[in-house]
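Each chain gets a letter, A, B and so on, in the order the sequences are listed, and its residues count up from 1. Side chains are part of it too, since the values below use all heavy atoms of this structure and drop only hydrogens, waters and symmetry mates.
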Amino acid sequence: MARHLITSAIPYINGIKHLGNLVGSQLPADLFARYQRARGHEVMFICATDEHGTPAELAATKAGKPVAEYCAEMHEVQARIAEGFRLSFDHFGRSSSEQNRKLTQHFAVQLHNEGLLREVSETQMYSPTDGRFLPDRYIEGTCPNCGFEDARGDQCDNCTKQLDPVDLINPRSVISGATDLEMRETKHLFLRQSTLKDKLDAWISSKADWPLLTTSIAKKWLHDGDGLQDRGITRDLSWGVPAQFEGAPWSGMDGKVFYVWFDAPIEYLAATQEWADKTGGDWARWWRTDRGAEDVTYTQFMGKDNVPFHTIGFPATILGSNEPWKLVDYIKSFNYLNYDGGQFSTSRGRGVFMDQALELLPADYWRWWLLSHAPESADAEFTWENFQVSANKDLADVLGNFVSRITKFTRSKFGEAIPEGGEWGAREEALTAELTTRIRAYEGHMEAMEVRKAAAELRAIWVAGNEYLQGAAPWTVFKTDPEQAAAIARLALNLIPIYAVLSAPFIPDAAEIMLKAMQHEDRSWPSDVAAALTALPAGHSFATPDVLFRKITDEEREEWQTRFAGRRQ
RNA sequence: GGCUAGGUAGCUCAGUUGGUUAGAGCACACGACUCAUAAUCGUGGGGUCGGGGGUUCAAAUCCCCCCCUCGCCA
């Protein structure tokens, strides 16, 4: 039995994520976790909310709530939605946890002890009215290049020129509109990533089997321009892990916190500690190679925007600490999912968000479409037409109708029990052989995290059932040889629990319904197809299930298309 | 502007280290079946593999130039 540590990139706390975010990390991670569990392996599947930083503070202010309260509420909202999508986290943590505060501070001290931190003084815009330093993009003013009045401190949206906030004419705070901005000197801790460059480079270079998307982004950061740059890991904010604390080997960091991208990945470890504190489990055997994690396989899932932090920043923290922490073994990264010819947009209300999706249809519909169209090799596109056609064809017609036709046929001819009599012939042997080949291929794709290919193979396995029934035609055979028709029905009914177990990682709810209908509790993997096809013996009773997947109508599709098109600006 | 990844049938996508008539699903046409959610199964039509040039006995696959999308960065 292997041990799999699996983490999904942690979603930011401010607001509900859209389907593109879901398919980029949490959903494929869940697919992999469910598959590995189904194969009998031990799995620790971790996710959390990323709660620190300026956007969270601003969102809380907008909602008229203290930031801690806001985050607590939004965490619950995201946790409920995750349950709705059947994301099977062993723990869904919070980066604002006590465990993460301690661990983040521990890593900072450790990096300091290893000589990997340095203090840097710089000047930044300070707003006395807001009582805080302002990040570049929270300053607006007139562009010195084109005269555009709402240019942001980092870039002018009109002429696209890169800017420095000090260049803006009449700069003002985006938060309060205050114009009494001033330059102030401030001190920060920088992680000396540059000294770890060769180590990181060698590590990335050793990962020849990683997705090209992952390694090419990492190599770009390592080699582009002047090479890997040192990075500030503190910020002038109040909401975050305090950078000045009891036992800190530095001073003068009062009122500063660690940068979210420093503490967020550490939350993977901290969330496992949260799990351990809650359950009495042992977190160290998952994360400390000196305490049992030597044989753990660690896989991370994320969208391509998160790759730099997971290939450079976080490994720099882990390697730099010089402590025996478990380093990631495989990084599965995804491209973006676009929405009907453009991007999903939170501000414009464009596209489908996770809570809305669940109001329209059960999770399985979304899970199936998103995973079978996962943006693995390139950006992918969600269209309502494609969603309707795929869901109706694959789920309702191919799988759902298969279950329906054989259970109803059997019920009408033999009653609601596995019928007795008849023998297997060449057709049954051929089906067994085909299923064996296809299931082995499916396993290979799942192991390799080839999500789309796995979905295509699973669909082919469903189709094989329909092909068999169509060829064997028990409704015709029944007229002359009821015993033989019984043998056909018996085999076809036995396909249902096999399909349930194989399909569960993609569509867990439907899988449960299928198993329940067949009154079968055994979820073991069909490694031996011939044996699995006789698991339900003659005489075993079953219940004919309701329609597994209802179809999406044209009217619904059109209505949703309009509803989620977004507000025109 | 630099870098990454792409541009393959009407649509969504596969195409391993260059090698026989370029594949799948959907859509479309025809046929079979009537157990089933007007579902299923079979057959078929359809592509100058973004454009141009080159290497090769042979290129969607390698090299050069150009065009177009997407993202990252400056």
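- Regarding A/Tyr468, its OH atom lies at a distance of 17 Å from the P atom of B/rC35, rounded to whole Å.
- In this entry the distance linking CD of A/Glu467 with C1' of B/rC35 reads 17 Å, nearest Å.
- Here B/rU48 sits opposite no nucleotide as a Watson-Crick or G-U wobble pair (both hydrogen-bonding atom distances under 3.5 Å).
- The gap from the P atom of B/rC65 to that of B/rG2 amounts to 12 Å, rounded to the nearest Å.
- Across B/rU12 and B/rC73, the matching C1' atoms stand 31 Å from one another, rounded to whole Å.
- A/Leu395 places its CG atom 13 Å from the P atom of B/rC26, with the value rounded to the nearest Å.
- Within the 4.0 angstrom heavy-atom criterion, only backbone atoms of the sugar-phosphate kind lie near A/Val463; the bases stay farther away.
- Considering only the side chain of A/Asn401, B/rA39 comes nearest among B/rU37, B/rC33, B/rA39.
- Among the atoms of the strands shown, only primed sugar atoms or phosphate atoms (P, OP1, OP2) are found under 4.0 Å from some heavy atom of A/Lys393.
- B/rU17 and B/rC62: their P atoms are spaced 9 Å apart (whole Å).
- Pairing partner, B/rA24: B/rU12, with both Watson-Crick or wobble hydrogen-bond distances short of 3.5 Å.
- Ranked by how close their nearest RNA chain B nucleotide is to the 5' end, A/Asn386 and A/Asp305 are led by A/Asn386.
- Between B/rG53 and B/rC41, the distance separating the two C1' atoms is 48 Å to the nearest Å.
- Heavy atoms of A/Val547 sit under 4.0 angstrom from at least one base atom.
- Side-chain contact of A/Asn386 with A/Ser390: a donor-acceptor pair under 3.5 Å is present, judged by distance alone.
- A/Ile496 is listed as a side-chain neighbour of A/Thr407, based on a closest heavy-atom distance under 4.5 Å.
- For B/rG31, the paired base is B/rC41 (Watson-Crick or G-U wobble, both distances below 3.5 Å).
- Using modelled atom types, one side-chain atom of A/Glu376 and one backbone atom of A/Arg452 make a donor-acceptor pair closer than 3.5 Å.
- B/rA39 atom C1' lies 17 Å from atom CZ of A/Arg550, rounded to whole Å.
- In summary, of the residues considered (A/Leu399, A/Leu395, A/Asp394), a side chain to side chain contact (heavy atoms under 4.5 Å, CB included) with A/Arg459 occurs for A/Asp394 alone.
- In this structure, the side chain of A/Gln388 engages the main chain of A/Ile552 through a donor-acceptor pair within 3.5 Å.
- Nucleotides of RNA chain B nearest to A/Thr476 and A/Ala464 differ in position, and the one nearer the 5' end is that of A/Thr476.
- The aromatic ring of A/Trp475 sits over the base of B/rC35, with ring centres less than 5.5 Å apart and planes tilted by under 30°.
- For A/Phe564 and A/Tyr339, the ring centers sit 6.0 Å or farther from each other.
- Taking atom P on both B/rU4 and B/rG23, the two are 32 Å apart, rounded to the nearest angstrom.
- Comparing B/rU40 with B/rA27, their P atoms are spaced 8 Å from each other, to the whole Å.
- At a threshold of 4.0 angstrom between heavy atoms, the contacts of A/Leu548 include nucleobase atoms, whether or not backbone atoms are also involved.
- Closest to the A/Lys551 side chain, of the nucleotides B/rA39, B/rA36, B/rG25, is B/rA39.
- Between A/Ile406 atom CD1 and B/rC33 atom C1' there is a gap of 15 Å when expressed in whole angstrom units.
- Side-chain atoms of A/Ala396 lie closest to B/rU37 of the nucleotides B/rC41, B/rU37, B/rC26.
- Atom name C1', nucleotides B/rG54 and B/rU61: the rounded distance is 15 Å, in whole Å.
- The nearest whole Å value for the distance from the CD atom in A/Gln388 to the C1' atom in B/rC11 is 14 Å.
- Of the candidates B/rC26, B/rU12, B/rC33, B/rC33 carries the atom nearest the A/Gln470 side chain, counting heavy atoms from C-beta on.
- Remark: aromatic rings of A/Phe414 and A/Phe478 are close, center separation under 6.0 Å.
- Put simply, A/Arg459 has a side-chain N or O that comes within less than 4.0 Å of OP1 or OP2 on B/rC26.
- Of the options A/Trp462, A/Phe549, A/Phe85, a ring-ring contact (aromatic ring centres under 6.0 Å, His included) to A/Trp368 is made by A/Trp462 and by none of the others.
- Closest to the side chain of A/Asp397, out of B/rU40, B/rU34, B/rC26, is B/rU40.
- Whole-Å rounding puts the A/Asp394 CG to B/rC26 P distance at 8 Å.
- Atom P of nucleotide B/rA5 and atom OH of A/Tyr336 are separated by 16 Å, given to the nearest angstrom.
- Across B/rU8 and B/rC13, the matching P atoms stand 9 Å from one another, rounded to whole Å.
- The side chain of A/Lys408 contributes an N or O atom lying less than 4.0 Å from OP1 or OP2 of B/rU37.
- Here B/rG15 is the nucleotide among B/rC35, B/rA39, B/rG15 with the atom lying nearest to any side-chain atom of A/Lys453.
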